[in-house]
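Before any comments, here is the structure.
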Amino acid sequence: MKNWMRFAVAAAFAAGLCLLIQLAFVQAAPAFDFDKSSVVVEKDTDFTVTLRAQELERLYAYELELQYDTSKLEYIGSSPASLTKTQEGDRLYLPYSKLGNEPVDSGNKNLAELTFRGKASGSARLELKAITAIDKQADASLQKTVYPVNQILAVTVSAADTGSGGPSSSPSSSPSPSPSPSPSPSPSSSPSPSSSPSPSPSPSPSPSSSSSSSPSPSPSPSPSPTPSPNDDKHTIAISLEPKLDSATGEAISKLGETGLLQALKETREDNQGIKRVILEVVQIPGATAYVQELPVSALTSGNNKTRYELSTPFGTMEVPGNMFANIDVPQGKSISLSIGQAGKDQLSAEMKSKLGDKPVFELTAKIGDQPIAWKNLQASVSFSVAYTPTEEERNHPNHIVIWYIDSQGTITTVPNGKYDPSTGNVSFKTTHFSTYAIAYVKKSFKDLADAEWSKTAVEIMAAKGIVQGTGEDTFVPNAMLTRADFTLLLVRALELEAQGGSGFMDVSEDAYYYDAVAAASKLGVVEGSGEGLFNPEKGITRQDMMVILSRALRLSGRLQVSASAAVLAGFTDHAELDEYAVQDVAILVKAGLVEGSENRLYPGEETTRAEAAVLLYRIVAAL
């Protein structure tokens, strides 16, 4: 249930008088409470409560056990972000930890700000049941203590003032669209070359197997829709009823040029310049794939701010308007996108064993009648599919991952793939089409006892294929991390890609990290140390790690923050930062990604493998 807190702590207890003498010198136990005892909030509105601690003694890590009415309240997040989140019915477990040798906390401190949302009107309560604290002793040993708390916050959720907004209509089975919100599925290292994990997937619901009596493989084009956007006019939904090709099992629907132009005309850009067209495809018995034909102009415009969402019984795909901008599509041709079930006959016996009885699915594209191996690094496609996890998977949702299976049957884990318990969907983003599967991966290492604080992050990052061990069951968490290895981890975690050489004389083309360093160099994430050198085997300092991370997040569009050196004034060692690092470290601090410890940044200290895994896990979890 709470793997992160299963510490192997040796404890010896004295008896008799010795025990009495020790008790005389035991400090008072820490106390924990919320900063308020009650709150009134409107439905669909967020509120935040601060958890306070008094008389801490060398606190290094802790886990909160919360209980709340899940029918009335929804957990949104915390600051600082927890390492992971485990929801078991109405119980929520949130673990937090320092990094490596960061100083411990003592005295009085605000531990976390917890944000919840009023989900339904009525009375509810949020209770802090217990805190499991891990104190780091002077000899670096860890001591675990469970403190019952039973602190209650009374919450009243009132009905929201709906104002004068217009009603929302439901889409019909005819091609006339109805307003509909647009779900946006999200998605998400080490010195050894990439290897593949090996558990088992299971995506979307299976449709009825009955077949159509119509032998005609040619679907009728859908009539031009009469768009009716929702109140904000940024999204429009069009309901399409496909025709089944009984020979191929494809349920095919079409959106013509006229219907597309009309939909776009009726839709306005939101404050980010984005328009969405949702194509809602009804279920057809006997279908093994759902195919959507679109005009060439829809996907070759070069405008990634126009999004098309194909919603089918097999899953939902969101594609940008520049999806095919890198391909010369002949005039008069249409583009078809397909979401289908994939067979396992072409897979090896080993692969079938890994997948078990769980299905796989494939995303494909055609120009006219010609299949195309679509790939475009500048156009990310999102995909989400409903998934019902097993009991074990529900207890460890961060270990539910996505596998990409290439034409040779080789597995590669998609780092950004994840399961969202609140929606019941698995989602991921990709820049190429292929065969995919949902899997559950549990990877453990036997040498994490000396870095138990990093165990959750290391195991989840290993499941995602971002970090790997130094052996089958060893990770060596306290080993120094090199510049090359951190770059490799970062490139995997953020899925950075670019073509070109590394440009560094000391990075060999046959090095396992060559492609990662080359991509990072091409994108401007790493710049080397001058004179054409990268110093790949040199240990990476905290400030260099922060600089590289900040550049990667900014250049990949994941972080849009500017900051001045003034934000670093609260850190007593900010003057130890080299000039080139000041702005990037300031950006991470302002973005809340770096908090330091006891008002220090420790910029010159080298980073360990465990520390890097935890930091990157926090970044991946926040994306």
Side-chain angles (χ1 to χ4, degrees), residues 187-204 289 315 317 338-365 371-377 380-381 383 385 387 399-419 426-443 459-473 485 488-499 509-519 620:
S188 37
S189 318
S190 128
S192 52
S194 180
S195 62
S196 303
S198 59
S200 48
S202 161
S204 55
M317 179 194 305
S338 172
I339 302 172
Q341 296 176 324
K344 300 177 186 174
D345 293 341
Q346 79 279 13
L347 301 178
S348 66
E350 179 185 5
M351 181 63 62
K352 291 177 183 177
S353 175
K354 290 179 179 180
L355 293 175
D357 60 356
K358 297 182 179 182
V360 295
F361 53 95
E362 57 186 353
L363 308 180
T364 58
I372 181 171
W374 175 78
K375 181 174 183 178
N376 185 350
L377 300 183
S380 178
V381 169
F383 182 77
V385 61
Y387 179 67
H399 290 269
I400 299 174
V401 300
I402 287 288
W403 283 353
Y404 151 54
I405 306 172
D406 69 15
S407 59
Q408 305 302 313
T410 302
I411 288 177
T412 304
T413 304
V414 180
N416 69 71
K418 61 184 176 181
Y419 172 73
V426 172
S427 61
F428 68 97
K429 294 182 179 181
T430 183
T431 55
H432 62 88
F433 277 178
S434 187
T435 302
Y436 297 90
I438 298 172
Y440 179 68
V441 181
K442 284 288 286 182
K443 177 67 177 174
E459 291 181 347
I460 291 174
M461 296 293 272
K464 291 179 175 292
I466 296 173
V467 306
Q468 286 136 21
T470 57
E472 181 61 29
D473 56 2
D485 289 335
L488 177 60
L489 294 180
L490 183 63
V491 167
R492 285 180 186 161
L494 300 184
E495 299 174 77
L496 304 177
E497 294 185 77
Q499 303 296 322
E509 290 190 15
D510 58 4
Y512 64 84
Y513 49 76
Y514 176 80
D515 289 341
V517 174
V620 170

field: Intermediate values then yes/no, side chain to side chain contact (heavy atoms under 4.5 Å, CB included), Tyr404 and Phe428
entry: CA-CA 11 Å; Tyr404 151 54; Phe428 68 97; over 6 Å; no

message: Using side chain to side chain contact (heavy atoms under 4.5 Å, CB included), reason through Arg492 and Val467 one step at a time and then give a plain yes or no.
response: CA-CA 8 Å; Arg492 285 180 186 161; Val467 306; 5.9 Å; no

- request: For Val491 and Tyr513, run side chain to side chain contact (heavy atoms under 4.5 Å, CB included): C-alpha distance rounded to whole Å, both residues' side-chain angles, the deciding distance at 0.1 Å, then the answer.
  value: CA-CA 10 Å; Val491 167; Tyr513 49 76; over 6 Å; no

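Counting all heavy atoms, side chain and backbone alike, Ala289 lies closest to Ser338 at CB-OG, 3.8 Å. Looking at every heavy atom in both residues, Ser434 comes nearest to Ile405 through OG-O, 3.2 Å. When all heavy atoms of Glu472 and Lys443 are compared, the pair lying nearest together is O-NZ, 2.6 Å. Taking all atoms of both residues into account, the shortest heavy-atom contact from Ala437 to Val360 is CB-CG1, 3.5 Å. In plain terms, the two heavy atoms of Phe433 and Leu363 that are nearest each other are CB-O, 3.1 Å.
For the atom pair NZ of Lys418 and CD1 of Ile460, the computed distance is 12.0 Å after rounding to the nearest 0.5 Å. Separating the OG1 atom in Thr430 from the CH2 atom in Trp374 is a distance of 6.5 Å, to the nearest 0.5 Å. Summarising the geometry, atom CH2 belonging to Trp403 is positioned 14.0 Å from atom OG1 belonging to Thr435; distances are rounded to the nearest 0.5 Å. To the nearest 0.5 Å, atom NE2 of residue His432 and atom CD of residue Glu497 are 7.0 Å apart. Considering OG1 of Thr412 and OH of Tyr436, their distance stands at 10.0 Å, rounded to 0.5 Å. Here the CG atom belonging to Leu496 is positioned 11.0 Å from the CG atom belonging to Leu377, to the nearest 0.5 angstrom.
Proximity of Phe383 to Ile339: side-chain heavy atoms (C-beta onward) are separated by under 4.5 Å at one or more points. Side-chain contact between Lys464 and Val441 is absent, with no heavy-atom pair separated by less than 4.5 Å.
Using a 30° and 60° split on the angle between ring planes, His399 and Tyr440 fall in the perpendicular class, above 60°.
Scored by the salt bridge (Lys or Arg N to Asp or Glu O under 4.0 Å) test, Glu509 finds no partners at all (sequence neighbours excluded).
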